[in-house]
Amino acid sequence: MASHGVPRTSAPTERTPQAQAAELQKIQEYKDLVELVNTKIRQREYTADTLALISKLLKRNPEYYSIWNHRRLVLQQLFSDAQQAAQIKQPITSSNDTTSHPESTPDNATTDAAPATHPTQYPASEQIELLLISDLHFLVPLLREFPKCYWIWNHRQWLLQQATHLLPVPRVRRLWQEELGLVAKMLSMDSRNFHGWGYRRRVVAELESPELQGTSMAEDEFSYTTKMIKTSLSNFSAWHYRSKLIPRLLNERGASREERRKFLDSEFNLIQNALWTDSADQSLWFYHAFLMSELSTTPSTSSSSSSSSPSTSSSSAIIPDLSPTERVALLSRELDNIKEMLEDEDEDDTDTAPAERKYIYHALVQSTLEKQKWIRAVEAHAEPKAIADDKDEVQSWISKLRALDPFRMGRWDDVARQVDDLYA
Amino acid sequence: MSLVSGPGRGGTHAHDLHQKLDLFTDKHVTYIKSLDTRRNELEYWLTEHLRLNGVYWGLTALHLLGHPEALPRDETIDFVLSCLHENGGFGAAPGHDPHMLYTVSAVQILVTLDAIDELSTRNKGGKEKVGQFIASLQDVRTGSFCGDEWGETDTRFLYGALNALSLLHLTHLIDMEKAVSHVASCANFDGGYGISAGAESHAGQIFTCVGALAIANRLDLVDRNKLGIWLSERQLPNGGLNGRPEKLEDVCYSWWVASSLAMIDRLHWIDSEKLAKFILTCQDPSMGGLADRPGDMVDVFHTHFGIAGLSLLQYPGLEEVDPVYCMPRKVTRRVLEHR
Ligand SMILES: [Zn+2]
């Protein structure tokens with residue numbers, strides 16, 4: 001499958017004989033190091049010296065995944081050595097349940113690890129913590145240099161998981177907490193790095209977990225997305241994360257119907273203001289479409305709203321029980337808001353990019369189609385004249401779309417067909 | 001096979017852009033054939049962890065270019081089998097650890113060469129052993145798949161598992177229903193899919209999720225219009241496609257975006273001619289190969305996905321590609337009756 005960032009070096013044909021000789025020398029050194037590491041692992045020399053050699057090799061080539069596996073084998077041995085030295089008879093990765101570890105609940109120590117006493121247990125976990133922390137430190141410059149390398153992020157996650165298994169809860173929490181700082185720094189360097197965002201969600205889930213005596217961080221994370229969006233409106237990663245947090249946030253707030261209405265309005269306000277700032281930004285339009293889809297769950301799906309099928313993404317997350325009449329009213333309100341933008345755009349046509357008007361027309365077409373579906377759901381016999389007027393308008397928008405964005409002609413053809421079907 | 005970038009640089013001169021561009025088939029064949037002769041470059045050794053993927057990319061590109069014999073068949077099979085481990089998994093190269101990504105490439109190469117039987121005749125445990133390795137990586141609780149014993153999960157691995165197991169006719173080894181519901185849990189408000197539940201939509205990940213649903217015959221779960229809109233918005237004014245909003249175009253997304261559109265019957269939602277033209281401008285006309293975008297060094301990864309993209313767009317002279325498997329349609333038809 002995919003790999004990116006294959007380094008782009010100068011071609012061999014451009015090299016002098018000296019440069020070629022130097023390259024062969026480098027190849028030999030690299031191959032020798034690989035061979036040395038592999039030999040140590042074959043001979044099960046899982047020692048601190050081998051770990052140092054592995055570090056040297058991974059700094060040269062962090063994409064060499066087998067070497068990361070070697071690193072974990074060595075670390076597991078070092079953890080177990082530390083435990084044996086402290087005479088704790090406990091398998092390394094036997095349990096997810098940290099609360100049963102003697103370190104975290106000293107009261108249980110007598111039942112859990114009978115021969116050991118507290119003073120001898122702490123040195124082991126301290127030594128393990130030192131090993132973990134030094135490995136976490138080893139990764140930081142690598143992450144900065146290779147922020148898109150899957151294996152580095154994986155190894156980091158593995159280290160933290162080991163901490164969860166092997167260390168007392170307060171220390172584990174502190175380590176995971178520090179990760180939040182690191183990931184914030186990474187995301188401030190590249191606010192769209194999806195490894196960074198994924199890792200952030202992973203760290204948050206861990207900090208929220210009962211194993212670490214955590215509580216929900218949805219409010220904090222929601223504020224974080226607001227902060228990231230304010231830094232850069234076109235941060236689609238932040239908008240995405242926001243969409244995922246909203247249902248949880250409202251549930252955890254125990255939000256009433258009224259509060260949910262207010263929340264929806266405030267999200268619409270936020271996105272409208274953003275769109276007034278930059279209506280050519282597709283990240284904003286996708287989030288806008290998300291809010292609109294909250295209003296426009298198709299009538300057929302919502303009639304069977306009792307079902308909780310995991311695959312239907314169409315049930316409203318913000319206000320689960322909007323009535324068809326409310327939907328029509330809200331859709332009309334938002335349609336008016338978009339139209340206002342269009343009027344503004346039309347006035348100074350000279351500096352309006354086609355992309356901006358395209359997104360506006362597209363939103364108008366989509367929203368009108370959704371509104372029409374709901375009007376039909378409200379009244380079996382909608383007034384024919386009103387519908388016909390609407391149709392002309394929608395068709396004129398579609399012709400604008402054809403002119404503004406000929407690349408996607410096939411899409412506009414399909415939308416036009418949808419319109420014909422709806423008004424047939 | 002090497003993943004070394006260059007020696008050529010993709011991109012024709014600016015004045016050529018308005019002329020009709022050709023596909024330099026012979027140059028690309030020569031380029032791919034020459035890749036394994038670059039052992040005097042450090043990068044050849046630094047990219048060893050992608051060797052088996054590289055063979056799949058090179059071999060598939062050659063098949064699509066109509067030169068299936070350009071790589072020596074026996075040598076290729078020998079190399080693939082030299083990456084096989086006791087447990088049925090393949091590593092990237094001899095001595096590298098077994099992993100899903102390379103096991104899938106190995107299966108795709110062997111299937112393309114009609115050489116799956118070599119696993120039995122050479123006493124390598126037969127295809128069942130390989131199938132068991134893949135199946136053992138499913139998380140029975142969530143339906144997702146790990147890449148190897150160390151536990152990283154990713155929708156790429158799930159797709160790979162379904163791809164390889166269906167080619168081996170061994171999908172009964174896994175819990176398909178759970179796999180499908182895991183994919184469904186990765187869907188987002190924009191109709192796209194991410195690397196895991198909660199993760200942002202990404203064109204590469206969309207290809208793997210839609211591909212997995214296609215193999216499971218569950219494309220009914222995809223919101224085709226929503227996803228089609230998001231995917232078609234990946235096309236930029238220069239004709240190229242990006243992988244996420246506000247990102248740069250890149251030849252490899254010609255494959256991930258366009259094949260996903262093809263799987264949901266929305267390929268006509270982008271401008272094929274403009275895309276083909278963009279891909280062609282990423283060729284090196286003199287030394288062969290394609291780059292991610294004009295001006296960059298060529299490599300076999302972008303050469304493969306560029307050619308596969310052109311095939312999907314029915315560029316004349318190319319063999320047809322299967323959008324779900326990213327393999328020659330001739331091959332998937334031979335192996336899978338319904339294709
Ligand atoms: Zn690329």
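Residue numbering restarts at 1 for every chain, and letters A, B, ... go by the order of the sequence lines.
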Exercise. Is there a donor in the side chain of B:Glu200 and an acceptor in the side chain of A:Ser237, or the other way round, less than 3.5 Å apart?
Worked result: yes
Problem set entry | Greatest number of heavy atom pairs closer than 4.5 Å to chain B - which of A:Asn235, A:Ile67, A:Asp281 | A:Asp281
For this session: Give me the ring orientation class for B:Trp150 and A:Trp158: parallel if the planes are under 30° apart, tilted from 30 to 60°, perpendicular past 60°.
Result: perpendicular
Seminar exercise, completed: CH2 (B:Trp45) and CD (A:Gln28) are apart, to the nearest 0.5 Å, by 9.5 Å
Exercise. How many angstroms lie between atom CG of A:Leu24 and atom CZ of B:Arg39, to the nearest 0.5 angstrom?
Worked result: 13.5 Å
Problem set entry | Which atoms of A:Gln366 approach chain B - backbone, side chain, both or neither, heavy atom under 4.5 Å | side chain
Seminar exercise, completed: Interatomic distance, CG@B:Leu236 vs CZ@A:Phe407, rounded to 0.5 Å, equals 9.0 Å
Problem set entry | Spacing of B:His49 atom NE2 and A:Ser66 atom OG [to the nearest 0.5 Å] | 10.0 Å
Exercise. How long is the span from the CZ atom in B:Arg244 to the CD atom in A:Gln282, to the nearest 0.5 Å?
Worked result: 12.0 Å
For this session: Check whether any side-chain N or O of A:Arg408 sits under 3.5 Å from a backbone N or O of B:Asp271 as a donor-acceptor pair, and report yes or no.
Result: no
Seminar exercise, completed: Minimal heavy-atom distance between A:Tyr150 and B:Asp154, with the atoms involved, is CE2-OD2, 3.9 Å
Problem set entry | Heavy-atom pair of closest approach, residues A:Glu23 and B:Leu42 | OE2-N, 2.5 Å
Problem set entry | Which portion of A:Asn154 sits near chain B, non-hydrogen atoms under 4.5 angstrom | side chain
Seminar exercise, completed: Whatever's closer than 4.5 Å to a heavy atom in chain B on A:Arg192 counts as both
For this session: Pick one of side chain, backbone, both or neither for A:Lys26, based on which atoms fall under 4.5 Å of a heavy atom in chain B.
Result: both
Problem set entry | Minimum-distance pair of heavy atoms, taken over all atoms of B:Ala187 and A:Lys244 | O-NZ, 3.1 Å
Seminar exercise, completed: If one checks every heavy atom of B:Ile229 against chain A at 4.5 Å, the contacting part turns out to be both
Problem set entry | Atom group of B:Leu261 that falls short of 4.5 Å from chain A, counting heavy atoms | neither
Exercise. By a 4.5 Å heavy-atom criterion (distance strictly below it), what part of B:Glu48 contacts chain A: side chain, backbone, both, or neither?
Worked result: side chain
Exercise. Can B:Glu233 and A:Tyr359 be said to form a side chain to side chain contact (heavy atoms under 4.5 Å, CB included), step by step?
Worked result: CA-CA 11 Å; B:Glu233 291 296 331; A:Tyr359 289 124; 3.1 Å; yes
Seminar exercise, completed: Rounding to 0.5 Å, atoms OG (B:Ser196) and CZ (A:Arg202) come to a distance of 10.0 Å
Exercise. What are the two closest non-hydrogen atoms of A:Asn69 and B:Asp148, and how far apart are they?
Worked result: ND2-OD2, 4.0 Å
For this session: Mind telling me whether A:Phe290 and B:Phe189 have parallel, tilted or perpendicular rings, with 30° and 60° as the class edges?
Result: tilted
For this session: Select one option (side chain, backbone, both, neither) describing which atoms of A:Leu73 are under 4.5 Å from chain B's heavy atoms.
Result: both
Exercise. What part of A:Asp414 is in contact with chain B, defined as an atom under 4.5 angstrom from a non-hydrogen atom: side chain, backbone, both or neither?
Worked result: side chain
Problem set entry | Under 4.5 Å from a heavy atom of chain B, the part of A:Tyr30 involved | side chain
Exercise. Which bit of B:Ile195 is near chain A, if near means a heavy-atom gap under 4.5 Å: side chain, backbone, both or neither?
Worked result: side chain
Exercise. Do B:Glu152 and A:Tyr65 get their side chains close enough for a donor-acceptor pair, meaning under 3.5 Å?
Worked result: no
Problem set entry | Side chain, backbone, both or neither of B:His202 within contact of chain A (heavy atoms, under 4.5 Å) | side chain
For this session: Would you please indicate yes or no on a ring centroid separation below 6.0 angstrom for A:Trp151 and B:His99?
Result: yes
Exercise. Hey, does the side chain of A:His240 reach the backbone of B:Gly198 with a donor-acceptor pair shorter than 3.5 angstrom?
Worked result: yes
